[in-house]
Amino acid sequence: MNYPTDRKESKNILLQVIASIPKGKVSTYGGVAALAGMPRHARYVGTVLKNLPAGSKIPWHRVVNSKGESSFPPGSDHWQQQQQRLQDEGIVMSGRKIDLKQYLWTP
DNA sequence: GATATGACATGTT
DNA sequence: CAACATGCCATAT
């Protein structure tokens, strides 16, 4: 059998990957997709996170775009949430971006 | 099934 | 470095 074309499965795999990002590190949408074995599905990762029930234990804040920025509109609630949580994990930001060279999770 | 949308990525200006 | 253009692909209408 090939790789999971079942939406249900693939979604769980993505969530599992995201859940395994260690505290203090981050990953990118594309990175998560790749680690989950589905290249070019960066946008799908976003779609999945969007549908997460509020209060989910999934560390969605550890997923940023390839530039190391939050994908949310600067200043928005989610944006602040994310910034806050990342900072609480010891991640230092230079401006609105974080240094992927330093914080990107590489298993 | 055609068209639009989006928590993306990458290459060009 | 920032703005713009293209490519990508699952979902929603």
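All chains are named by letter (A, B, ...) in the order of the sequence lines, taking the proteins before the strands, and each is independently numbered beginning at 1.
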Below 3.5 Å is the cut-off: list the nitrogen or oxygen pairs between protein and nucleotides 10-13 of chain B, distance only.
none

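- Among C:dA10, B:dC8, C:dA2, the nucleotide with an atom closest to any side-chain atom of A:Lys97 is C:dA2.
- Interatomic distance, CZ of A:Arg85 versus NZ of A:Lys23, reported as 11.5 Å (0.5 Å rounding).
- For A:Arg40 against C:dC8, a side-chain-to-base donor-acceptor contact under 3.5 Å is absent.
- To the nearest angstrom, P of C:dT11 lies 9 Å from CG of A:Asn51.
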List the atom pairs, donor and acceptor, that lie under 3.5 Å between side-chain atoms in residues 91-106 of chain A and the rest of the protein, sequence neighbours left out.
unit_1: A:Asp99; atom_1: OD1; unit_2: A:Lys101; atom_2: N; d: 3.0
unit_1: A:Tyr103; atom_1: OH; unit_2: A:Val92; atom_2: N; d: 3.1

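- When only modelled atom types and interatomic distance are considered, A:Tyr29 and A:Ser66 share no side-chain donor-acceptor pair under 3.5 Å.
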Show me the donor-acceptor pairs, under 3.5 Å and distance only, between side chains in residues 55-64 of chain A and residues at least two apart or in other chains.
unit_1: A:Ser56; atom_1: OG; unit_2: A:Ile58; atom_2: N; d: 3.2
unit_1: A:His61; atom_1: NE2; unit_2: A:Glu89; atom_2: OE2; d: 2.9
unit_1: A:Arg62; atom_1: NE; unit_2: A:Glu89; atom_2: OE1; d: 3.0
unit_1: A:Arg62; atom_1: NE; unit_2: A:Glu89; atom_2: OE2; d: 3.1
unit_1: A:Arg62; atom_1: NH1; unit_2: A:Ile21; atom_2: O; d: 2.7
unit_1: A:Arg62; atom_1: NH2; unit_2: A:Glu89; atom_2: OE2; d: 2.8

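- The stretch residues 69-96 of chain A touches DNA chain B through A:Ser71, A:Phe72, each having a heavy atom under 4.0 angstrom from the strand.
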Determine whether A:Tyr44 and A:Lys11 satisfy the following criterion, side-chain contact (heavy atoms from CB on, under 4.5 Å), listing intermediate values before the conclusion.
CA-CA 9 Å; A:Tyr44 181 43; A:Lys11 178 176 141 191; 4.0 Å; yes
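- Of the side-chain N and O atoms in A:His41, one or more sit less than 4.0 angstrom from OP1 or OP2 of C:dA10.
- Put simply, OH on A:Tyr44 is 10 Å from P on C:dA12, counting in whole angstrom units.
- Within the model, atoms CD of A:Gln81 and CG of A:Leu86 stand 10.5 Å from one another, a figure rounded to the nearest 0.5 Å.
- Within residues 14-33 of chain A, the residues having any heavy atom closer than 4.0 Å to DNA chain B are, in order of number, A:Thr28, A:Tyr29, A:Gly30.
- One finds the CG atom of A:Leu49 at 4.0 Å from the CD1 atom of A:Ile18 (value rounded to the nearest 0.5 Å).
- In this structure, CE of A:Met38 is placed 15 Å from P of B:dA9, rounded to the nearest angstrom.
- Taking all atoms of both residues into account, the shortest heavy-atom contact from A:Ser71 to A:Gln82 is N-OE1, 4.3 Å.
- For DNA chain B, the residues of residues 55-65 of chain A within the heavy-atom distance limit of 4.0 Å (strictly under) are A:Trp60, A:Asn65, sorted by number.
- Separating the CG atom in A:Leu14 from the CE atom in A:Met38 is a distance of 4.0 Å, to the nearest 0.5 Å.
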